Amino acid sequence: MLISRLLFRRRDNIILFHFSEDPNIKKFEPRKSSAFPDLPSVVWSIDKNNAPLYFFPRDCPRIGYWPKLDSNTVDVQNFQKSTNAEKVITIESRWLQTIRGTKLYAYHFSSESFTCFDEEVGYYISTETIIPQQVEPVGDLIEHLVEAKVELRITPSLFPLKNSLLSSTLHVSMIRMRNAK
């Protein structure tokens with residue numbers, strides 16, 4: 001199963017991932033990010049713990065949230081009242097069929113040329129061209145979310161959730177919100 005193989009250590013060298021709907025990428029060239037215009041051109045990757053944030057079609061808007069070390073007690077208690085999952089990821093209902101039909105591929109990268117960009121979310125960046133170590137199909141995306149102890153929530157619109165989470169002390173990852181309705 002992919003999830004059980006997502007991370008292994010070799011002399012403290014973790015494997016990082018990039019997810020794509022394209023199974024034929026031979027190399028990853030650094031590119032500018034519209035989300036982080038002050039950064040140089042980089043290749044992005046993610047660690048195993050946060051990989052479920054990317055078990056979705058690229059353009060699918062989603063919000064992931066979970067307690068972090070400095071979250072206040074009330075926010076943590078409210079989170080734990082509503083779920084026993086480690087993370088909650090919410091999508092808009094119009095994306096469910098697309099998720100079910102998407103074929104996603106996991107590209108494995110060595111962490112050697114990467115530096116940690118955001119430890120809380122597991123983002124790593126490299127200014128070098130990256131040749132993947134391997135690529136493999138992810139398989140059933142919803143099944144992998146379940147295996148990763150993620151609760152998938154489905155809502156007509158992400159905006160009420162976005163507005164309520166902005167005042168919380170939980171970690172909040174909003175991905176592709178420009179595509180949200």
Side-chain angles (χ1 to χ4, degrees), residues 1-7 15-37 42-66 79 82-109 117-118 120-125 130 132 134-166 168 170-181:
M1 190 100 339
L2 174 71
I3 295 301
S4 63
R5 294 181 290 148
L6 278 180
L7 182 72
I15 299 300
L16 300 171
F17 302 93
H18 184 93
F19 294 91
S20 177
E21 294 164 55
D22 182 350
N24 299 307
I25 303 171
K26 301 300 181 209
K27 64 182 178 178
F28 289 79
E29 299 285 349
R31 292 192 281 174
K32 290 295 285 179
S33 168
S34 59
F36 300 96
V42 296
V43 174
W44 289 88
S45 64
I46 191 125
D47 66 14
K48 175 192 178 192
N49 291 336
N50 295 289
L53 291 167
Y54 291 89
F55 294 169
F56 295 88
R58 178 177 179 85
D59 288 330
C60 176
R62 55 209 180 264
I63 298 175
Y65 57 99
W66 58 91
F79 179 87
S82 70
T83 187
N84 63 359
E86 293 175 8
K87 286 182 171 76
V88 172
I89 301 175
T90 305
I91 62 163
E92 291 180 330
S93 51
R94 66 189 177 97
W95 281 89
L96 183 58
Q97 285 306 109
T98 303
I99 291 168
R100 287 181 173 150
T102 295
K103 291 184 180 180
L104 198 64
Y105 298 87
Y107 286 85
H108 298 232
F109 298 158
F117 179 76
D118 183 335
E120 185 77 35
V121 188
Y123 289 146
Y124 289 76
I125 57 174
I130 303 296
Q134 77 179 78
V135 60
E136 64 182 329
V138 174
D140 185 309
L141 302 178
I142 294 173
E143 180 182 320
H144 285 298
L145 289 166
V146 170
E147 288 174 4
K149 298 180 182 173
V150 168
E151 181 176 321
L152 178 63
R153 293 185 182 175
I154 302 168
T155 185
S157 173
L158 290 173
F159 289 103
L161 176 62
K162 172 187 174 185
N163 295 336
S164 70
L165 286 172
L166 288 177
S168 83
L170 300 173
H171 179 84
V172 180
S173 284
M174 296 186 204
I175 301 169
R176 297 289 190 263
M177 288 299 289
R178 66 180 173 265
N179 298 330
K181 283 197 171 186

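All values reported here derive from a predicted model rather than from experimental measurement. All residue numbers refer to positions in the sequence shown, counting from 1.
- Every residue meeting the ring-ring contact (aromatic ring centres under 6.0 Å, His included) condition with F28, not counting sequence neighbours, appears here in chain and number order: H18, Y107, F109.
- In this structure R94 satisfies the salt bridge (charged side-chain N to carboxylate O under 4.0 Å, His left out) test together with E92, sequence neighbours excluded.
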Item to check | Check against ring pair (Phe, Tyr, Trp, His ring centres under 6.0 Å), Y65 and H171 | outcome: CA-CA 5 Å; Y65 57 99; H171 179 84; over 10 Å; no
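- F19 has its side chain within reach of V138: a pair of non-hydrogen atoms, C-beta onward, lies under 4.5 Å apart.
- By the salt bridge (charged side-chain N to carboxylate O under 4.0 Å, His left out) test, E86 pairs with no residue at all, sequence neighbours left out.
- Looking at residues two or more places apart in sequence or on another chain, you find no salt bridge (charged side-chain N to carboxylate O under 4.0 Å, His left out) involving K181.
- By the salt bridge (charged side-chain N to carboxylate O under 4.0 Å, His left out) test, D59 is found to be paired with R176, residues two or more places apart in sequence or in another chain being considered.
- Shortest non-hydrogen contact noted between L53 and S173 is CD1-OG, 4.1 Å.
- With sequence neighbours excluded, the residues satisfying side-chain hydrogen bond (donor to acceptor under 3.5 Å, both in side chains) with T83 are E151.
- Using a 30° and 60° split on the angle between ring planes, Y123 and F117 fall in the tilted class, from 30° to 60°.
- Proximity of H108 to V135: side-chain heavy atoms (C-beta onward) are nowhere separated by under 4.5 Å.
- Using modelled atom types, one side-chain atom of N163 and one backbone atom of F159 make a donor-acceptor pair closer than 3.5 Å.
- For the pair R62 and F55, the NZ or CZ position fails the cation-pi test of under 6.0 Å to the six-membered ring centre and within 45 degrees of the ring normal.
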